[in-house]
Amino acid sequence: MQKIKMTTPLVEMDGDEMTRVLWQLIKDELILPYVDLKTEYYDLGLQNRNKTRDQVTIDAANATKTYGVAVKCATITPNHQRMEEYPELTEKWKSPNATIRGILDGTVFRTPITIECIKPAVRTWEKPITIARHAYGDVYKAVEFLTDSPGEAVLTFRAEDGREEAVSVQKVDGPAVWLAQHNKDASIRSFARSCFQYAVDTRQDLWFSTKDTISQKYDGHFRTVFEEEFEHFKAAFEMLGITYFYTLIDDAIARVIRSKGGYIWACKNYDGDVMSDMVSTAFGSLAMMTSVLVSPDGKYEFEAAHGTVTQHYYRYLKGERTSTNPIATIFAWTGALKKRGELDNLPELSAFAEKLETACLNTLSSGIMTADLVSLAESGVNAKAVDSWEFINAVKACL
């Protein structure tokens, strides 16, 4: 069989732990036998990020701006526990996802991967719900500190022209903890435009939610920007028969649970992080969700929305065969290959990626699944738990 040729490289960002193991397995068994794969490789494993003082993450993001399409493996964001597990680390490096999102100034769109034999936990849901997550600022760019005595915190802004504004945050009579976060008008506008354009491209309704009754200036500005940017898309929405509306996030959650699905739910950065996990779990599994970062100028980074599956990795190091679900990582690869094929006018590359996705779904529908899905399968389906290697071999047999 002649391999499918590529003309432009993908930016390949390798990662950590069990997902790194699966990353290589997927390439070896499901991609390299069929595609003459071209990538510009960046090792975003924690040790290499530490070795390069995280320059490798910045380089990978800039390469994505150059080549237009990237595929990323799950990576570790070190906390105190991770510092103990990896004693060679010189500091707690920031989330590589946050760094990449900040450089690309994109929006993350996450959609559950559904199959007929696994029904959503929410009985009313009939179609996937796409979470549109703002990808800059808020708590991910916040500064914080602890104080140990009575006093007052003051938030001060110094303009370049010398003007100064200050507001008292709070006076305290003892130890306290403080956090300051920000966002940029330009990034909020990019977020809004990306959401409206994605809604038009996919012909889906768009919901947006914040808490502007409490955060009247911060969240209120998000709402105002969305309303202003919607004016540029209103005619397209009307022509397609789709709608946009804003609601408080607590009201949105109630609406989501009662809905039938089939729309885009736009959320601020942390809200989108949490709600995408909720939606993916309710549809089946964290490992059954696509995730793509789209920048305002049309750059794409495809990734798995879940973590590095640490517990399975430690079992793997002991020589065990784990039943780790590789679907989200496979779909990160297929998403990138489809987009590369689309941009480079290589229909055979896009067709192969579609074929690989179909092979995955057919394998699952036949009852061959990883352990996380077996208990979710409908009665009447002869579901069988297999390890990751067996599952990938079964997918390969379907190609």
Using distance only, find each side-chain donor-acceptor pair of residues 70-81 under 3.5 Å and give its atom names and separation, not counting sequence neighbours.
unit_1 : atom_1 : unit_2 : atom_2 : d
K72    : NZ     : T75    : OG1    : 2.9
K72    : NZ     : N97    : OD1    : 2.8
N79    : OD1    : Q81    : N      : 3.2
N79    : OD1    : R82    : N      : 2.9
H80    : NE2    : E84    : OE2    : 3.1
Q81    : NE2    : E85    : OE2    : 2.9

Between [X] and [Y], which heavy-atom pair has the shortest distance, and what is it?
{"X": "D43", "Y": "N48", "value": "O-ND2, 2.8 Å"}
{"X": "Q181", "Y": "A142", "value": "CB-CB, 4.0 Å"}
{"X": "E88", "Y": "N50", "value": "O-ND2, 3.3 Å"}

Which residues share a salt bridge (charged side-chain N to carboxylate O under 4.0 Å, His left out) with [X], sequence neighbours left out:
{"X": "K260", "answer": "none"}
{"X": "D219", "answer": "K268"}
{"X": "K65", "answer": "none"}
{"X": "D28", "answer": "none"}

Measuring from atom [atom1] of [X] to atom [atom2] of [Y], what distance do you get when rounded to the nearest 0.5 angstrom?
{"X": "S291", "Y": "F331", "atom1": "OG", "atom2": "CZ", "result": "13.5 Å"}
{"X": "N269", "Y": "N183", "atom1": "CG", "atom2": "CG", "result": "7.5 Å"}
{"X": "T247", "Y": "R223", "atom1": "OG1", "atom2": "CZ", "result": "8.5 Å"}
{"X": "L346", "Y": "T8", "atom1": "CG", "atom2": "OG1", "result": "7.5 Å"}
{"X": "I115", "Y": "E378", "atom1": "CD1", "atom2": "CD", "result": "10.0 Å"}
{"X": "I242", "Y": "D205", "atom1": "CD1", "atom2": "CG", "result": "6.5 Å"}

Heavy-atom count around [X] [atom1] within 6.0 Å, excluding the residue itself: above 12?
{"X": "D185", "atom1": "CG", "result": "yes"}
{"X": "K94", "atom1": "NZ", "result": "no"}
{"X": "K3", "atom1": "NZ", "result": "yes"}

Under the 3.5 angstrom rule, does the side chain of [X] hit a backbone N or O of [Y] as a donor-acceptor pair?
{"X": "D212", "Y": "K217", "answer": "no"}
{"X": "D14", "Y": "L44", "answer": "no"}
{"X": "S280", "Y": "D277", "answer": "yes"}
{"X": "S323", "Y": "V386", "answer": "yes"}
{"X": "T308", "Y": "E17", "answer": "no"}
{"X": "S276", "Y": "D273", "answer": "yes"}
{"X": "D372", "Y": "S285", "answer": "no"}
{"X": "N325", "Y": "I327", "answer": "yes"}
{"X": "D173", "Y": "P150", "answer": "no"}
{"X": "S350", "Y": "P347", "answer": "no"}

Report, one line per pair, each donor and acceptor closer than 3.5 Å where one atom sits in a side chain of residues 100-109; sequence neighbours left out.
unit_1 : atom_1 : unit_2 : atom_2 : d
D105   : OD1    : S187   : OG     : 3.1
D105   : OD2    : S190   : OG     : 3.2

Original post:
ring-ring contact (aromatic ring centres under 6.0 Å, His included): which pairs involve residues 227-255, sequence neighbours left out?
Top reply: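 ring-ring contact (aromatic ring centres under 6.0 Å, His included) check on residues 227-255 returns F196-F230, F196-F233, F196-F237, F196-Y244, W207-F245, F208-Y246, F230-F237, F230-Y244.
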Original post:
Tell me the ring-ring contact (aromatic ring centres under 6.0 Å, His included) pairs involving residues 111-132, sequence neighbours left out?
Top reply: W125-F283
Salt bridge flag under 4.0 Å for residues [X] and [Y]:
{"X": "D344", "Y": "R340", "result": "yes"}
{"X": "R110", "Y": "E303", "result": "yes"}
{"X": "K119", "Y": "E116", "result": "yes"}
{"X": "K211", "Y": "D250", "result": "yes"}

Subject >> side chain to side chain donor-acceptor pair (under 3.5 Å) pairs, two or more places apart, involving residues 382-399 >> reply: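 Sorted pair list: E29-K396.
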**OP:** Mind jotting down which residue pairs meet the side chain to side chain donor-acceptor pair (under 3.5 Å) criterion with at least one end in residues 327-337? Sequence neighbours excluded, please.
**Re:** T334-E357
Subject >> side chain to side chain donor-acceptor pair (under 3.5 Å) against S168, all qualifying residues, sequence neighbours excluded >> reply: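 Expected list: E152.
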Would you check if there is a donor-acceptor pair between the side chains of [Y] and [X] at a distance under 3.5 Å?
{"X": "R315", "Y": "T322", "value": "no"}
{"X": "Y42", "Y": "E40", "value": "yes"}
{"X": "Y263", "Y": "S259", "value": "yes"}
{"X": "W178", "Y": "Q170", "value": "no"}

Could you list the donor-acceptor pairs under 3.5 angstrom formed by side chains in residues 56-63, with sequence neighbours left out?
unit_1 : atom_1 : unit_2 : atom_2 : d
T57    : OG1    : D54    : OD1    : 2.7
D59    : OD1    : Q55    : NE2    : 2.9
N62    : ND2    : I58    : O      : 3.3

**OP:** Could you tell me whether K184 sits above the aromatic face of Y136, with NZ or CZ closer than 6.0 angstrom to the six-membered ring centre and within 45 degrees of the axis?
**Re:** yes
